[in-house]
Amino acid sequence: MSESGRRRFVLPGRRPPRRPRLRGLSFNRMLPNLLTLVGLCVGFSGIRFALDGRFGAAVIAIAVAGAIDGLDGRLARLLKATSRFGAEFDSLSDFLCFGVAPSLVLYLWSLDQWGAFGYLPALMFTASMALRLARFNAAIDELPHADDGHLKASRFAQNFFTGVPAPAGAALSLLPIYLGLESAEHNVVWLADLARAPALSAVVLVGTALLCVSTLPVWSFKNFKVPPELVLVLLLGVVVFAAILLADPWLGLALLAAAYLAMLPFSRRSFKRLQAEAEARLDTEVE
């Protein structure tokens, strides 16, 4: 009889030996962190591309890192693999990809013409992004001290960010590069000169930094509900934007940044309206 065909006989009263179990994390619990690690590597590669003068590749790398950042958290919640380690790791990755990489890329793009003074806007952006991420982490750890009525009234605030989030801030800060790459493709001299002007990069970096550390309520789109009559319009709009992005990616990214900036006043108005309705509802319940 072959070795594989033999039966194992066990003496009466004795249990067969158990197979040793491997201890450690399952692959499902590691997958979100692995995705975050990939995003960190891609975002850091954007700095390398900028050092080589490949600014288009640098922008794409930061954009890919932003897409990965939008997936890893949702994947962790889907797999029920959320952890404190994952949250901290994601925050550190965000700081590198969206706080350090864009400022260095813009410094190499045009701000180095100002020498030491060109370093200041980049430093301000990076510091502001660190403060923004630290405030976000602190808000997660803070326990609500209000009573149940106030918690119900302020539940709508969970649909808003406080200040522009890090990935969106990185996308806005790269606007001069979008314009520069677009002008290079179509040979628009005046736009190329404007995009390479250190003053424009400085204004964009400082303005984005202020938006990130501000208390401006910004839609998070996590629980954003679209009215049924606007679903078809939204789908068609996405198709049109995807066509523009494929045909002319730099124009598409510039239009996306402009649309996001135009959305901010409407986001603040929506927050104020929901806040007034919540306070009125709370006053009615108290009476």
Side-chain angles (χ1 to χ4, degrees), residues 36 39-40 42-47 49-50 54-74 90-91 93-111 121-122 124-126 128-133 136 160-183 195 200-214 216-222 224 237-238 241-242 244-246 248-267:
T36 302
L40 185 148
V42 173
F44 186 76
S45 298
I47 300 175
F49 293 143
R54 300 162 58 189
F55 292 101
V59 170
I60 293 175
I62 296 175
V64 171
I68 293 175
D69 179 70
L71 293 175
D72 56 4
R74 288 170 174 80
D90 183 72
S91 181
S93 176
D94 288 352
F95 175 66
L96 174 65
C97 297
F98 312 127
V100 177
S103 58
L104 286 178
V105 170
L106 276 174
Y107 179 79
L108 296 170
W109 170 258
S110 63
L111 288 174
M124 179 178 178
F125 178 84
T126 300
S128 299
M129 195 63 73
L131 293 173
R132 192 256 180 279
L133 292 170
F136 180 79
F160 293 84
F161 290 117
T162 302
V164 172
L172 292 176
S173 67
L174 297 174
L175 180 60
I177 301 182
Y178 306 154
L179 298 178
L181 296 175
E182 178 68 15
S183 62
L200 177 63
S201 297
V203 169
V204 170
L205 273 180
V206 173
T208 306
L210 295 177
L211 287 175
C212 289
V213 297
S214 69
L216 180 69
V218 180
W219 279 320
S220 67
F221 298 106
K222 293 180 179 179
F224 195 80
V238 171
F241 175 73
I244 295 175
L245 196 62
L246 292 174
D248 195 339
W250 313 126
L251 176 62
L253 290 173
L255 291 177
L256 182 62
Y260 191 88
L261 288 174
M263 177 206 72
L264 296 179
F266 296 98
S267 177

Rounded to the nearest 0.5 Å, what separates atom [atom1] in [X] from atom [atom2] in [Y]?
X: L251; Y: L256; atom1: CG; atom2: CG; answer: 11.0 Å
X: D72; Y: D90; atom1: CG; atom2: CG; answer: 4.5 Å
X: W250; Y: L175; atom1: CH2; atom2: CG; answer: 13.0 Å

Is the shortest heavy-atom distance from the side chain of [X] to the side chain of [Y] under 4.5 Å?
X: T208; Y: V164; value: no
X: L205; Y: M124; value: no
X: L181; Y: L253; value: no
X: R132; Y: L211; value: no
X: M263; Y: V218; value: yes
X: P121; Y: F125; value: no
X: I177; Y: L106; value: yes
X: D69; Y: F98; value: yes

Which atom names give the shortest non-hydrogen contact between [X] and [Y], and what distance separates them?
X: V42; Y: A65; answer: CG1-N, 4.2 Å
X: C212; Y: G169; answer: SG-CA, 4.0 Å
X: G39; Y: S93; answer: C-OG, 4.4 Å
X: L133; Y: S91; answer: CD1-O, 3.8 Å
X: L108; Y: F55; answer: O-CZ, 3.7 Å
X: C97; Y: A101; answer: O-CB, 3.5 Å

- Message: With no hydrogens and no angle check, just 3.5 Å: does a side-chain donor-acceptor pair link S103 and T126?
- Response: yes
- In this structure, are over 12 heavy atoms from other groups packed under 6.0 Å from Y260 atom OH? yes
- Task: Verify, without hydrogens or angle tests, whether W109 (side chain) and L174 (backbone) share a donor-acceptor contact under 3.5 angstrom.
- Result: no
- Item | Short side-chain to backbone donor-acceptor contact, Y178 and A171, under 3.5 Å | yes
- Keeping to residues at least two apart or across chains, list the side chain to side chain donor-acceptor pair (under 3.5 Å) pairs with something in residues 54-68. none
- Kindly assign one of parallel, tilted or perpendicular to the pair F161 and F136, based on the angle between their ring planes and the thresholds 30° and 60°. tilted
